[in-house]
Amino acid sequence: MKARVYVSLKPTVLDPQGQTVRSALNGLGYKAVSEVRQGKLFEISLNPGVSEEQARHEIDTLAKEVLTNPVIEEYRFELSE
Amino acid sequence: MTFGVVVFPGSNCDHDAFHAISRNLTWDGERCEAKFLWHAEESVGDADAVILPGGFSFGDYLRCGAIGKFSPVMRAVKRFADSGGLVIGICNGFQILVETGLLPGALVRNRGLRFVCKSVALRAGTQASPFTSEIEPGRTLQIPVAHGDGCYYADERTLDELEAEDRVAFRYVDNPNGSLRDIAGILNRQRNVLGMMPHPERATETLMGSTDGLAVFQSMAAAIACRTPLVR
């Protein structure tokens, strides 16, 4: 089983990197782009035999405790075989 | 009087802090002592105060300070702080303190995206703390900053609370990184934990271009001295 954890800045937190990417994209002629928010993706492989319930619990906990800083970031994750 | 300087893998201002305390800080005519505390230690020993120095603990991987907060010594630092001990986190040390939750808010990428390395002017936001008591009101301090992720962020409620409780220890005169409300350093509610992005240890002798940082450590020494009478 694999987990993908997406970490992004909360909407209230300014993202100067995303803004710079957006202005670069606009400058390159990508006129459709109105906003870019930059985040992180973690791809995590789980040991064989781990149940989905166990995986869900563990990934949720580690995302909360380690992968994100709740002051500035939020996360979501998905599991796949 | 002994200052413990925590050394994480990737700390790079640990020797600066050690030097500032052991060479440039005196109290009541006597030199203060510094000793290193390796991050794997479970105790701060006989330290009267703890310095979390600047640098790139654990390579700044994940987020600045995010791995350092899990080092065993941080449990000891937390116990020390909870029992009233003085803890100062400088730059990466400040980042570790907010990650640990000993201080509120977070430090995010500088507004201008560039690493800023220069001397900046600071004003103490309060004299009512063991880190700023020796700084005369209205005095401007010249102290260097050196960081890429030093923009202080907290939600409005937290910022209001910090101001209402007189917990903004330092403000930038000319904000170099986009920090909200020009905040350069903050105190915890008990006022015995300080986090600041500027480096007072890099301004402790004339050769360094400024001695203004000494006032921070002298304030700490004064607070320690009146807490524990020095045995002669």
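Proteins come first, then strands; the chains are lettered A, B, ... in the order of their sequence lines, and each starts at number 1. The analysis underlying the following values was restricted to heavy atoms, covering all of them including side chains, and did not include hydrogens, waters or symmetry mates.
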Segment of [X] engaging chain B (4.5 angstrom heavy-atom cut-off):
| X | result |
| --- | --- |
| Val66(A) | both |
| Glu73(A) | side chain |
| Leu67(A) | both |

Within a reach of under 6.0 Å around [atom1] of [X], are more than 12 heavy atoms found that belong to other residues, nucleotides or ligands?
| X | atom1 | result |
| --- | --- | --- |
| Phe115(B) | CZ | yes |
| Arg139(B) | CZ | yes |
| Glu161(B) | CD | yes |
| Lys35(B) | NZ | yes |
| Glu78(A) | CD | yes |

>> Once rounded to the nearest 0.5 Å, what's the spacing between atom CG of Asp155(B) and atom NZ of Lys10(A)?
In response: 7.5 Å
> Minimum heavy-atom separation for Glu65(A) to Lys69(B), with atom names?
Replying inline: O-NZ, 3.7 Å
> Under the criterion side chain to side chain contact (heavy atoms under 4.5 Å, CB included), which of Asn110(B), Val108(B), Leu113(B) is the partner of Pro16(A)?
Replying inline: Leu113(B)
> Any side-chain heavy atom of Arg63(B) sitting closer than 4.5 Å to one from Lys40(A)?
Replying inline: yes
>> Is the shortest side-chain heavy-atom distance between Tyr153(B) and Thr12(A) below 4.5 Å?
In response: yes
